[in-house]
Amino acid sequence: MVGAQPEGRATFSLLELARRLGYFPLHFAVCALWVCFLCGCGSRRTIADRPEPPQAGTADTGDNAEAPSKPDGASEPAAKTPRSVPAGAAKRGGAAATPNPALAAYTEEGIASWYGIPFHGRRASNGEVYDMNKLTAAHRTLPFETVVRVTNLSNGKATVVRITDRGPFVDNRIIDLSMAAAREIDSVGAGVVPVRLEIISAGIDPGSGFFTVQVGAFRERGNAERLRERLTASYSPIFIQPYDSPDGLFYRVRVGKVPGEGAAQQFGEKLRNHEGFKPMVVRLDEGAGAGGMK
């Protein structure tokens, strides 16, 4: 009985057969290589069928987490110089705002507030009816119809408003925005935010004109009269301006008729130092009889 041929002999037997049949060596070489390839493939495993090793996972960074909103009764920011925001970063309604070279003529930084329903439909200081859904604002010294860019320094958003009213008559605040304007810079919920003001209308000289200094506001006219009498010996003129607010009638006491805002600010500091007042410089608007005061 002929024993089984070793596995390594398979190629040699084919060589003898090829020679006997008269095959050319090139044909045989191709056949031999093909047989070796088939034998090798039968004992090999492919890694394509193996399960892919698990990937190292990354922890949720929380980038899309919603921050808690600030309550409506939030405290007012401390009076300090707000951080500056590049002009190119200012946004109006979420869109990039185009810088204007005229903005360098006047800039002011401080705290902005906003006013809405209690004043909606009432007369503004310039005589028109206040509409909280329009982009307007109140400022103590800028001329009526001045167009101002207001940038929220907390988020870089900006809006453009027209000055139609006087105020705010609260210390450390520089502008009162309409509700529509406050929405554009996302300040409705916060109530008060640090802002930068820039004049963008042409031909405005914010420091020219006449100004006065408000030193008090009283519910009782008698109290306003007594203060005027006390100050008359040292200062003139002194005006009492009735103001019909949503909270009732107030009597504002204002001192002086000073040409130029710079001189009026100096006069206000004199009243602060000598009389202990918290002065507020206010423009005397034309056609209002010394700002509506008498």
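Numbers here are sequence positions counted from 1.
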Residues Y115 and M132: closest non-hydrogen pair is O-CB, 4.5 Å

Can a salt bridge be assigned to the pair R166 and D285 using a cut-off of 4.0 Å between side-chain N and carboxylate O? yes

State whether Y243 and R252 meet the cation-pi test: NZ (Lys) or CZ (Arg) under 6.0 Å from the six-membered ring centroid, and within 45° of the perpendicular axis. yes

Looking at every heavy atom in both K134 and A180, which two are closest together, and how far apart are they? O-CB, 3.8 Å

Check whether NZ of the Lys or CZ of the Arg R283 lies under 6.0 Å from the centre of the six-membered ring of F210 and within 45 degrees of that ring's axis. no

Could you tell me whether E225 and R230 have a side-chain N and a carboxylate O separated by less than 4.0 Å? no

Answer yes if the side chains of D165 and S125 hold a donor-acceptor pair under 3.5 Å, and no otherwise. yes

Can a side-chain donor-acceptor contact be found between Y106 and E108 if the only test is distance below 3.5 angstrom? yes

Run the ring-centre check on F211 versus F267 and record whether the distance is less than 6.0 Å. no

Any donor and acceptor pair, going by atom type alone, linking the side chain of W114 with main-chain N or O of A181 inside 3.5 Å? no

Strictly below 4.0 Å, N to O, side chains only: are E145 and R162 in salt-bridge contact? yes

For the pair E229 and R226, find out whether any cationic side-chain nitrogen is under 4.0 Å from an anionic carboxylate oxygen. no

Donor-acceptor check, side chain of T232 to backbone of R228, threshold 3.5 angstrom: yes or no? yes

Shortest non-hydrogen separation from A224 to Y251 and the atoms involved: CB-CB, 3.9 Å

Shortest non-hydrogen contact between V255 and L271, atoms and distance: CB-CD1, 4.3 Å

Is a donor on one side and an acceptor on the other found under 3.5 Å between the side chain of N152 and the backbone of I185? yes

